[in-house]
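Following: one structure in structure tokens, then a few remarks.
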There are 2 protein chains.
Amino acid sequence: MYPSSPTYGDDAEPDPDPLEPSPARSRRARTDEVILQATRELLAQGGVGALTVEGVAARAGVAKTTIYRRWRGREELALAVLIDMVERVVVAPDLGDTRKELVSFVDAAVKVIGSTLMGRVMQGLVSELPGDPALARAFRERVVAKRHAELRRLVERGTSRGDLRPGIDVELANELLFGPVYYRLLLSGAPLDAGLATRVVDAVYPALATRGPSVTAGDDRIGRG
Amino acid sequence: MYPSSPTYGDDAEPDPDPLEPSPARSRRARTDEVILQATRELLAQGGVGALTVEGVAARAGVAKTTIYRRWRGREELALAVLIDMVERVVVAPDLGDTRKELVSFVDAAVKVIGSTLMGRVMQGLVSELPGDPALARAFRERVVAKRHAELRRLVERGTSRGDLRPGIDVELANELLFGPVYYRLLLSGAPLDAGLATRVVDAVYPALATRGPSVTAGDDRIGRG
DNA sequence: AAGAAGCGATACGGATCGTAGCGAAGAGAT
DNA sequence: ATCTCTTCGCTACGATCCGTATCGCTTCTT
């Protein structure tokens, strides 16, 4: 249902060494990986809602206490998987053209959110944030802020190119670009289809760009077809 | 923490008749209200996460079974409160100016989401949607679609005024306008401050409007200050 | 007054939670 | 090979909440 994607490994160990018997990866690191893998599998089946510490323990062949020695509960466990995924996501490459970079950036997010565990896990964690400040802090610093920082780099590149006007509020730009994506994921349930990124960027770009023909004269507005 | 707002009543019975002894409101309707009121109070304290059917029953002075005879669980109970709030929200009035209407429309949402139970309840329900199709359907038809329909009216008004170009994709416009708001509520945790609506509308408006001076020549772009 | 509907109370079995205590097994050092 | 420290498995709890079944009383309706 959530097929593994090229951007990160959903299966066993993506490291180059397939099975270095024992001492290379310490004992602790090995059980870590077994637990996280079981967590991924259960998350793929039923999302965060169906995730239980006892279920993970059973699936991983591990004692429940072993899990509680590492994480505070199922939310942190899911977050650990999410962070692991986020850190494997590739950065936005320099394409020479700022608009193309923006589309590519948003589109990558649309794809990863709509077709991997990431979307499902985020969906399941959102409700836990207000009641768990530590979880919320970790989630925001290690997941949300990641994309924000990446966008900042992209914007600075576009500004130095002369494509984007200086002094852009990156936070607002981030919300404008990704708000619609998460709106679909979390609220409306509308499909995260292929054209979404282009349409969002087309709509927002005039507010970011220095004035130019592609903005004021073009037809990149919100319409059908 | 979540003060009652003018747009809907957080307290007992907002109906004109304060206390018509018994037969006016049927027995069933009365216990309904007692339960919903207890639900509101508990939601205000700890959100959906801290809401339990047993807690509501105790607070309402009602048997647990009585609640299960009406709703399927705590999620539906919270949704009932949410729907009740949504239906009391006033519609977007005709202000003569489309941009002003948009700002007013988004700003009303920002206020209600940031300072009433509505935001907190939505935050708590989001994670339950993927695992409960019936709940998701009700949530989308009776909460999400509500704003969408209202925006449609607003857009049609603006189009017939000549402010907005014809053929606007209302769904995308809705996502562009409210995506950033929910992004703050659900993900980033950034404050839902007063200027947000204006800045979002200013950024998106060029994509909606017929070409004109306020779009191509103005300074309504994304910047600081 | 009589039937119907609504409600309270109690009692369950079940799933998870999160913690405690103890003994066994792995891993590195001498 | 033995010793020592870390890590882990196992079992056993008390606790909360779930959702359901049953039964008898109270309140409406006619």
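The chains referred to below are lettered A, B, ... by the order of the sequence lines, with proteins before strands, and numbering in each begins at 1. All heavy atoms count here, side chains included; hydrogens, waters and symmetry mates do not.
B/Q37 and B/R40 are linked by a side-chain donor-acceptor pair at a separation below 3.5 angstrom, with hydrogens and angles left out of the test.
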Reading 5' to 3' through nucleotides 11-26 of chain C, protein heavy-atom contacts under 4.0 Å coded B for base, S for sugar-phosphate only, - for none: -----BBBBB----BS

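When the C1' atom of D/dC8 is taken as reference, atom CZ of A/R28 falls 10 Å away, rounded to whole Å. Rounding to whole angstrom units, CG of residue B/L42 and P of D/dT16 are separated by 16 Å. Rounded to an integer number of Å, the gap from B/D32 CG to D/dC28 P is 14 Å. Counting to the nearest Å, the C1' atom of D/dG9 and the CD1 atom of A/I67 are 12 Å from each other.
A donor-acceptor distance shorter than 3.5 angstrom exists from the side chain of B/T116 to the backbone of B/V112, with no hydrogens or angles considered.
A sub-4.0 Å separation between OP1 or OP2 of C/dC7 and a side-chain N or O of B/T66 is absent.
Remark: A/R184 pairs with A/D193, B/E175 by the salt bridge (charged side-chain N to carboxylate O under 4.0 Å, His left out) rule, at least two apart or across chains.
Aromatic ring centres of B/Y183 and B/F178: separated by at least 6.0 Å.
Other residues, nucleotides and ligands contribute more than 12 heavy atoms inside 6.0 Å of the CZ atom of B/R140. Within a 6.0 Å sphere centred on CZ of B/R70, other residues, nucleotides and ligands contribute more than 12 heavy atoms.
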